[in-house]
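Structure first, commentary second.
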Amino acid sequence: MIINVNNININYEVFGEGMPIILLHGNSETHKVFDKLIERLQNDYKVYAIDSRCHGESEDTKEISYDLMAEDVIAFIKALGLETPILYGFSDGGIVGLLIAIKEPDLLSKLIVSGANINPNGLQELNLLFYKIANLVSKNKLVKMMVTEPDIKPYQLNKVKIPVYVLAGEKDLIRQKHTQLIADSIPNSTLEIIKNETHGSYIVHSDKIYHIIKKFI
């Protein structure tokens, strides 16, 4: 389905019935990475799986930023009249989730983020170097966004009021100390490092993430 919010067309799909939960994918992905998670969630929740701007079947706008994507989702929630949904964001989707919780403290009921960072230096050194080289070569706006954004300060995370579940893989491309910083900066947060997993190995086309988050949601 397509909805026009924040002056762009956003593609999304809805599954199941119950309390609303929004899923936000990572960079250069679509909502389809959550296929296995959706299969599980739709039995008890009404799942809203969104393609972020410039991804999937959503509008490919000239401008993209984490801030714009956060504004897109805020407008989406308000347009559909969703009452305090849960939001789960993976990677870039997690960054967007953090920004939403900062911008609109009462909009969500709970937030789960996995593999998120609050600035580019949160990436492991070699990964950041790889993306910087890729940005120089490809001039891809999605890659450029990763190496220049976000710029969330720990004091901004202090303002997040809702419960937040902070996840990362033990072998994540996000530094573990950085993930710890995110959790430490959010007053009502729970941190879990998933053993033997990489950035997306327990999430992309996997139902492992369902078993991890179900105790929180």
Side-chain angles (χ1 to χ4, degrees), residues 5-8 10 22-31 33 50-56 58-77 87-105 107-108 111-160 164 166-169 172-186 189 198-200 203-204:
V5 293
N6 202 26
N7 298 314
I8 69 163
I10 292 290
I22 296 169
L23 306 182
L24 300 179
H25 59 78
N27 195 293
S28 303
E29 299 171 341
T30 75
H31 73 274
V33 299
I50 299 174
D51 285 345
S52 297
R53 67 164 63 206
C54 305
H55 292 76
S58 288
E59 188 175 337
D60 186 9
T61 56
K62 182 179 178 181
E63 300 296 328
I64 185 169
S65 68
Y66 294 116
D67 191 71
L68 279 172
M69 289 194 287
E71 293 295 338
D72 294 343
V73 179
I74 289 169
F76 176 88
I77 293 169
L87 190 147
Y88 168 56
F90 165 52
S91 195
D92 278 16
I95 297 170
V96 172
L98 291 172
L99 286 169
I100 292 168
I102 291 167
K103 289 170 174 284
E104 298 269 357
L107 192 64
L108 307 174
L111 173 63
I112 306 156
V113 300
S114 50
N117 57 295
I118 58 174
N119 58 62
N121 290 328
L123 277 70
Q124 300 280 4
E125 187 175 355
L126 287 177
N127 292 104
L128 181 56
L129 177 62
F130 171 80
Y131 289 125
K132 284 182 175 179
I133 293 170
N135 179 48
L136 291 173
V137 173
S138 70
K139 304 297 183 182
N140 183 298
K141 61 189 173 185
L142 301 180
V143 177
K144 180 182 179 181
M145 183 173 64
M146 281 198 299
V147 299
T148 59
E149 299 181 35
D151 184 22
I152 302 170
K153 307 299 185 186
Y155 75 83
Q156 293 176 285
L157 295 176
N158 296 163
K159 301 175 184 177
V160 176
V164 181
V166 181
L167 301 170
D172 211 294
L173 59 80
I174 305 298
R175 299 171 190 260
Q176 195 162 314
K177 286 184 178 179
H178 190 81
T179 302
Q180 182 75 56
L181 172 65
I182 294 172
D184 288 346
S185 301
I186 299 171
S189 70
T198 64
H199 187 59
I203 299 161
V204 177

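Put simply, the side chain of His25 gets close to the backbone of Ser52: a donor and an acceptor are under 3.5 Å apart. Arg53 contributes a side-chain N or O that, together with a main-chain N or O of Glu63, makes up a donor-acceptor pair within less than 3.5 Å. A donor-acceptor pair is defined here as one N or O able to donate and one able to accept, closer than 3.5 Å; no such pair exists between the side chain of Asn127 and the backbone of Phe130. Between the side chain of His178 and the main chain of Gln176, no donor-acceptor pair closer than 3.5 Å is present. Distance alone, capped at 3.5 Å, places no donor-acceptor pair between the Arg175 side chain and the Gln124 backbone. Not one N or O on the side chain of Glu104 forms a donor-acceptor pair closer than 3.5 Å with the backbone of Ile74.
Looking at His31 and Asp51, their side chains come closer than 4.5 Å, going by heavy atoms from C-beta outward. The side-chain heavy atoms of Ile203 and Leu167, taken from C-beta on, include no pair separated by under 4.5 Å. Under the 4.5 Å side-chain criterion, counting only non-hydrogen atoms from C-beta, Ile152 is in contact with Ile95. Contact annotation: the side chain of Ile77 approaches that of Leu108 to within less than 4.5 Å [non-hydrogen atoms, C-beta and beyond]. Between Glu29 and Val204, some side-chain heavy-atom pair lies under the 4.5 Å cut-off. A 4.5 Å side-chain heavy-atom check between Asn117 and Met146 finds every atom pair outside the cut-off. Proximity of Leu173 to Tyr131: side-chain heavy atoms (C-beta onward) are separated by under 4.5 Å at one or more points. Under the 4.5 Å side-chain criterion, counting only non-hydrogen atoms from C-beta, Asp151 is in contact with Lys153.
The two residues Val73 and Leu87 come nearest to each other via the heavy atoms CG1-CD1, 4.1 Å. Counting all heavy atoms, side chain and backbone alike, Ser185 lies closest to Asn158 at O-ND2, 2.7 Å. Residues Gly56 and Thr30 approach most closely at CA-CG2, 3.6 Å, considering heavy atoms. The shortest non-hydrogen separation linking Ser91 to Gly26 is CB-CA, 4.0 Å. The two residues Glu71 and Asn6 make their nearest non-hydrogen contact at CB-ND2, 3.6 Å. The minimum heavy-atom distance linking Tyr88 with Ser114 is given by the pair OH-OG, 2.6 Å.
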Start with the C-alpha distance between Asp92 and Leu142, add both sets of side-chain angles, then the distance that settles side-chain contact (heavy atoms from CB on, under 4.5 Å), and finish with yes or no. CA-CA 10 Å; Asp92 278 16; Leu142 301 180; over 6 Å; no

Just do the side-chain contact (heavy atoms from CB on, under 4.5 Å) check on Ile50 and Met69 with the steps written out, would you? CA-CA 11 Å; Ile50 299 174; Met69 289 194 287; over 6 Å; no

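For Lys141, the NZ atom sits in a packed shell: over 12 heavy atoms of surrounding residues, nucleotides or ligands are nearer than 6.0 Å.
For the side chain to side chain contact (heavy atoms under 4.5 Å, CB included) test, residues two or more places apart in sequence or in another chain that qualify with Asp172 are Ala168, Ile174, His199. With sequence neighbours excluded, the residues forming a side chain to side chain contact (heavy atoms under 4.5 Å, CB included) with Ala70 are Val96, Leu99, Ile100, Lys103, listed by chain and number.
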